[in-house]
Amino acid sequence: MKYSHSKMRMVAALGAGALLLGAVTACSSPSGSDGSADSGTQADIDAALAKGGTLTWWTWGDKDQEKADAFIKENPKVKIDVVKMDNPDAVVTKVQNAVKAGTGAPDLIPVEYQTVPQLAMGGALADMSGWGFDEKAGADFIPSAWEGMQFGGKQLGIPLDSGPMVLIYNKELFDAAGITEVPKTWDEYAAAAAAIHTYDPEAYIANQGDAGFMTSMMWASGGKPFQIDGDAVTINLTDPGTTKFTDLWSGMLDKGELSTLSTWSDEWTKALQQGKLGTLMMGGWMITGMDDNSHGNWRVAQLPSWDGKPASAMNGGSGLAVSAQSKNKALAAGFLQFMATGVGRDMQNTSGFPGTTKIMDDPAWLDREFAAYDGQKANQEGKTSAENVLAGWQYLPFQGYANNIFGDTAGKAMADGTSLKDGLIAWQDDLVKYGNEQGFSVNK
């Protein structure tokens, strides 16, 4: 499959970081406690680059050695040790173990947006706000990506890529089922689900979805089920926006209009290729991932919304942070600058879905035609979605654990054909218990 990197993002979303750091109080540890500076000027960064030194970069990316080599070419006195790991989960676990040990963390840490609160509250990430990564620098990025690297009023690094959600739909199946307009509202989407399943009882508008999908859809529906204020965490999976989506999805589940196939399974891929699944609702990174599943019969559009006006959410995406243990934050800041606006950014933007504003106005990117979508300029839909990501979303400081147990509660309810609402309540109960056991004050 050509979308293996996209698949990695979603698989990691299901398994990232079940291990917490065991002490919420660690979040009070200063990022400069190892003797390195907490902030500095551009002159400090330039001096560090001229002096040179070694940075260690733990990563799951396949092409990060090329980025390191490009940086070294510009800064020949710098060495970067790139340590490739299997996936984001492996990085998170090893970073957290290093924090617990008090030593051994790398200088540079890739982090998914959903894991930022977890690592930040555990004391793993340095505050990079004082190194020039402030509001002015943030103007180069789409707001949802820039904010994804923030927590507790601190800028913890720079975005690498992003995942504004889009609707990828099988136009051939839609046409055959008599659906002449792409759904703009959720009511129209539900009507399309019924039409597809009536046309072909073996076809469905979508599969039931996993934890990453469900949280993104809650977000896109205006839900705010997770709220963090210091150590206080509120979990409410019955808030109005979340309930809107839950009611919609439950209605289609009850009618048997959603497939039970697991996302990324071989059976799921086969269903896409055979025209048995009508839509994918995923991050914009999936725009480039449909070549193996299309003969030009797919198209890209905006997610439906409740009033027909664009409303989106993030689904995946990651950034680059600096370890609180790093003894050379000035040098690390120089590499972040390289990845933010330098040659590294150009290299980063060749894969996945970008997080910067400049490329979204570049005709070469914006007007690229995709064979999978019969020549559609699909990146334009991705840009529109990025401009309409709803503000105010928060992930749990133990989101990895939450995603891991989703299948045992809400996921099981969907698979068994029982109440999704009851499954979400069971998920919430487990999360409240776990959070309190970890030292947070949850729903108190």
Side-chain angles (χ1 to χ4, degrees), residues 5-6 9-10 13 61 110-117 128-129 132-151 153-168 212 215-217 219-222 224 281-289 300-303 305 309-321 336-368 377-395:
H5 187 59
S6 303
R9 296 167 191 261
M10 294 303 293
V111 55
E112 293 180 302
Y113 300 139
Q114 65 167 358
T115 331
V116 168
M128 299 305 290
S129 307
F133 300 98
D134 51 19
E135 184 176 346
K136 182 179 179 181
D140 292 324
F141 296 86
I142 61 174
S144 54
W146 186 249
E147 292 163 8
M149 291 303 296
Q150 294 176 348
F151 187 79
K154 300 176 181 179
Q155 191 67 39
L156 299 168
I158 55 113
L160 291 177
D161 49 29
S162 66
M165 293 192 81
V166 291
L167 177 74
I168 303 175
T215 51
S216 291
M217 296 311 296
W219 181 350
S221 293
K224 296 181 179 180
M281 290 180 281
M282 292 183 172
W285 40 263
M286 192 59 179
I287 290 175
T288 58
V300 182
Q302 298 303 296
L303 285 184
S305 66
K309 299 177 182 178
S312 189
M314 291 283 274
N315 181 244
S318 62
L320 188 63
L336 259 60
Q337 287 184 341
F338 173 81
M339 291 302 300
T341 56
V343 172
R345 173 52 52 180
D346 296 333
M347 298 175 73
Q348 179 65 42
N349 283 345
T350 61
S351 61
F353 192 87
T356 49
T357 54
K358 183 178 179 181
I359 193 172
M360 293 189 186
D361 293 321
D362 181 353
W365 181 84
L366 196 60
D367 295 334
R368 175 186 171 186
K377 299 175 181 179
N379 281 336
Q380 295 181 3
E381 296 292 339
K383 176 185 178 180
T384 299
S385 176
E387 294 170 342
N388 289 283
V389 173
L390 300 181
W393 177 265
Q394 290 184 299
Y395 287 111

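These values consider heavy atoms only, across backbone and side chains, with no hydrogens, waters or symmetry-generated copies.
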Handout entry: Rounded distance [0.5 Å steps], CD in E381 versus CD in Q302
Key = 5.0 Å
Exercise for the section: Find out whether D140 and W146 are in side-chain contact, i.e. whether some heavy atom of one side chain is under 4.5 Å from a heavy atom of the other. Expected result: no
Exercise for the section: Check whether any side-chain heavy atom of V389 sits under 4.5 Å from a side-chain heavy atom of W219, and report yes or no. Expected result: yes
Handout entry: Contacts of type side-chain contact (heavy atoms from CB on, under 4.5 Å), residue D134, not counting sequence neighbours
Key = K136, A137
Practice task
Indicate the atoms forming the closest heavy-atom contact of Y113 with S162, along with that distance.
Solution key: CE1-CA, 4.4 Å
Handout entry: Heavy-atom closest pair, residues M149 and P159
Key = CG-N, 3.9 Å
Practice task
Check whether any side-chain heavy atom of M281 sits under 4.5 Å from a side-chain heavy atom of L303, and report yes or no.
Solution key: yes
Completion exercise
Taken to the nearest 0.5 Å, the spacing of F133 CZ from F141 CZ works out to 8.5 Å
Practice task
Taking the side chain as every heavy atom from C-beta outward, state whether D161 and W285 have any pair of such atoms under 4.5 Å apart.
Solution key: no
Handout entry: Rounded distance [0.5 Å steps], CG in D346 versus OG1 in T341
Key = 9.5 Å
Exercise for the section: Over all heavy atoms of both residues, which pair between A311 and L390 is shortest? Give the atoms and the distance, please. Expected result: CB-CD2, 4.1 Å
Exercise for the section: Not counting sequence neighbours, which residues clear salt bridge (charged side-chain N to carboxylate O under 4.0 Å, His left out) with D361? List them please. Expected result: K383
Completion exercise
For A313 and A220 the tightest heavy-atom approach is CB-N, 3.6 Å
Handout entry: Heavy-atom pair of closest approach, residues G284 and V166
Key = CA-CG2, 4.4 Å
Handout entry: Nearest-0.5 Å distance that lies between atom CG in D367 and atom CD in Q380
Key = 5.5 Å
Practice task
State, with a plain yes or no, whether a side-chain heavy atom of L160 is found less than 4.5 Å away from one of M339.
Solution key: yes
Handout entry: Side-chain heavy atoms of S216 within contact of M314, under 4.5 Å
Key = no
Practice task
Would you mind reporting whether V116 and Q150 have side-chain heavy atoms less than 4.5 Å apart?
Solution key: no
Practice task
Evaluate the criterion side chain to side chain contact (heavy atoms under 4.5 Å, CB included) for residue pair I158 and R345; output intermediate values, then yes/no.
Solution key: CA-CA 11 Å; I158 55 113; R345 173 52 52 180; 4.1 Å; yes
Practice task
Over 60° means perpendicular and under 30° means parallel, so classify the ring planes of F353 and W365, tilted if in between.
Solution key: perpendicular
Problem - Spatial distance of atom CD (Q348) from atom CG (L320) [nearest 0.5 Å] - result: 9.0 Å
Problem - For A340 against T356, the heavy-atom pair lying closest together - result: O-CG2, 4.3 Å
Fill in the blank from the handout: d(N315 CG, M165 CE) to nearest 0.5 Å is 4.5 Å
Practice task
State, yes or no, whether a side-chain contact exists between M360 and I142 at a heavy-atom distance under 4.5 Å.
Solution key: yes
